Number of protein chains: 2
Amino acid sequence: MSFSYEYARPNLTVDVVVLGYHEDKGAGALSLLLIKRGVEPFKDRWALPGGFVRMDESLEESALRELDEEAGVRDVFLEQLYTFGEVGRDPRGRVVSVAYYALVEPTKFTLKASTDAAQAKWFPLSKFPKLAFDHAEIVKTALNRLRNKVRYEPIGFELLPRKFTLSQLQSLYEVILGHELDKRNFRRKILSFGILKELEDKVEGVPYRAPSLYRFEEAKYRSFIKSGFVFEI
Amino acid sequence: MSFSYEYARPNLTVDVVVLGYHEDKGAGALSLLLIKRGVEPFKDRWALPGGFVRMDESLEESALRELDEEAGVRDVFLEQLYTFGEVGRDPRGRVVSVAYYALVEPTKFTLKASTDAAQAKWFPLSKFPKLAFDHAEIVKTALNRLRNKVRYEPIGFELLPRKFTLSQLQSLYEVILGHELDKRNFRRKILSFGILKELEDKVEGVPYRAPSLYRFEEAKYRSFIKSGFVFEI
DNA sequence: CCAAAAGTGTTTCACTTACACCCATGA
DNA sequence: TCATGGGTGTAAGTGAAACACTTTTGG
């Protein structure tokens, strides 16, 4: 490596805001995956999964690796969020962090059992502990991004099981957007896009009319996009 | 500074996509501010203004400093864009770059005279030279951001003089969005927001009906936003 | 037969779109 | 008086929002 000047270099980390959707008997709430820190600074405080970027991996690879190592989470929707670089954000010295956010269907994983180094756990977004560093701000940024993006890109499906009912989908949107939606209007609109396939099987064992199950047809969505189609809730 | 492990650290730079709007006898076109590199690698190639992040400055401060030092550009709209961190993007070794984009009214500045180190120049976005590093990709990302953002935030005004005519504003939007707009509908809509103030003075010396000048009232915009108002073209 | 959520249409209202002519000015 | 862009209103169409009852199922 040859640089004309050798500058002192900030340290570079990635941090990932992992969001999930947990259904508590019909209600449903967003949740946040946190790691309990095993080392100083902020030892025993909860923090976002993340760590130092290695020389031989891209930023995204770094985020995926940390997710896997620290929480056992793999194969998820991941998108770069923002890079946090205020001078005093890490007590150890200058650390710049590239933040990502991930959307996860929580039942797809069993969180990594706690080791001496780390312990992973879901917290409801409405009530999670005080976080290390400036991680609370990063979470806030991720939520804003999610709330904006969910309206014009079909990323909500990342939070649901592959088969879902329209009511589940509507509840999810209501939780993310923070307000109620009209059932008939919601159904009409979401179905009008033609990107949901109604499946043969229905939900069984419920003490009311069995709802249909649907699947998001990503391939169809992509081809629609190419012909100028715009998804918008 | 004390880290449990001293990792090898990627180098960290900022790069800024500076966009301007030049009016060529009514037509109008977006332009891009580039710096001619004075050193290897890519010596004598055009590149985005930017440079290494120092230990005692935030990312945004770093971007502002580079803009001032390399081009003499100050007091402009600046927003973080994306962080580029592919392993092979810089031939010197591992360099991660936090990209920003700036919107500038070009007549506000006289570009820094060329020194032995650097030379700054505007290029039309429709035709600019081959760029160093992955800077062409960064420019593409910035343009996408601008095209999206201009529709729901009043950032277009950053590219115009403080006093402008509605026709100028419309042309600007047409250039950014890439398609023509209906004059009557555009005027009705933009005026309906109530964030433009019609000024007393008119354009003089034109061989046709003198157009009114307007000013963007940012304070009013901000207060509207607080009461739930949504800007959308 | 009761409780619970699924599923289904229509009307109203607001907003977007399309469209063409007269006006003011300087040369 | 001519050339040039400035400035203005209306009608038709489209999409969003509001709204309530019947259906199905398991217990």
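Computed from a prediction, not measured in an experiment: that's the story for all the values here. Residue numbering restarts at 1 for every chain, and letters A, B, ... go by the order of the sequence lines.
Qualifying salt bridge (Lys or Arg N to Asp or Glu O under 4.0 Å) partners for R147(A), counting only residues two or more places apart in sequence or in other chains: none. A search for side-chain hydrogen bond (donor to acceptor under 3.5 Å, both in side chains) contacts involving T83(A) returns T83(B), not counting sequence neighbours. With sequence neighbours excluded, the residues forming a side-chain contact (heavy atoms from CB on, under 4.5 Å) with I225(B) are Y221(B), F229(B), listed by chain and number. By the ring-ring contact (aromatic ring centres under 6.0 Å, His included) test, Y173(A) pairs with F186(A), sequence neighbours left out. The salt bridge (Lys or Arg N to Asp or Glu O under 4.0 Å) check on E61(B) picks up nothing, with sequence neighbours excluded. Taking the salt bridge (Lys or Arg N to Asp or Glu O under 4.0 Å) definition, one finds that E217(B) meets it with K220(B), sequence neighbours left out.
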Letter by letter from the 5' end, nucleotides 18-27 of chain D scores (B base, S sugar-phosphate only, - none; protein heavy atoms under 4.0 Å) BBB--BBBS-
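The distance from atom CZ of F193(A) to atom P of dG15(D) is 12 Å, rounded to the nearest whole Å. Taking atom CZ of residue R187(A) and atom P of nucleotide dA16(D), one finds them 18 Å apart after rounding to whole Å.
Within the 4.5 Å cutoff, the side chain of L103(B) has heavy atoms near those of the L146(B) side chain.
Between dG7(D) and S212(B), a contact under 4.0 Å exists linking OP1 or OP2 to a side-chain N or O. Distances shown here put every side-chain N or O of S167(B) at or beyond 4.0 Å from the OP1 or OP2 atom of dG5(D).
Ring centers of F216(A) and F157(A): under 6.0 Å apart, within the cut-off. Checked against the 6.0 Å centroid criterion, the rings of F231(A) and Y152(A) do not qualify as a close aromatic pair. Ring pair F84(B)/Y82(B): centre-to-centre distance below 6.0 Å.
T165(A) comes within 4.0 angstrom of nothing in the nucleic acid, heavy atoms only.
Protein chain A contacts DNA chain C from dA3(C) to dT10(C), reading 5' to 3' and using non-hydrogen atoms of the protein with a distance under 4.0 Å.
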Expected list for residues 70-79 of chain B: side-chain donor-acceptor pairs under 3.5 angstrom, two or more places apart:
residue: E70(B); atom: OE1; partner: G50(B); partner atom: N; Å: 2.8
residue: R74(B); atom: NE; partner: D68(B); partner atom: OD1; Å: 3.2
residue: E79(B); atom: OE1; partner: K149(B); partner atom: NZ; Å: 2.9
residue: E79(B); atom: OE2; partner: Y101(B); partner atom: OH; Å: 3.0
residue: E79(B); atom: OE2; partner: R145(B); partner atom: NH1; Å: 3.2
residue: E79(B); atom: OE2; partner: K149(B); partner atom: NZ; Å: 3.2

Mind listing the side-chain donor-acceptor pairs of residues 190-207 of chain A below 3.5 Å, one per line with the distance, residues two or more places apart or on another chain?
residue: S192(A); atom: OG; partner: K189(A); partner atom: O; Å: 2.6
residue: E198(A); atom: OE2; partner: S212(A); partner atom: OG; Å: 2.8
residue: D201(A); atom: OD2; partner: K163(A); partner atom: NZ; Å: 2.8
residue: K202(A); atom: NZ; partner: S212(A); partner atom: OG; Å: 2.9

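For the helix from dC1(C)-dG27(D) to dA27(C)-dT1(D), the axis fitted to the five pairs at one end and the axis fitted to the five pairs at the other end meet at an angle of 0° (nearest 10 degrees).
Panel note: side chain E66(A), backbone A63(A); no donor-acceptor pair is recorded below 3.5 Å.
For DNA chain C, no neighbouring residue in residues 174-181 of chain A is found when judged by any heavy atom under 4.0 Å.
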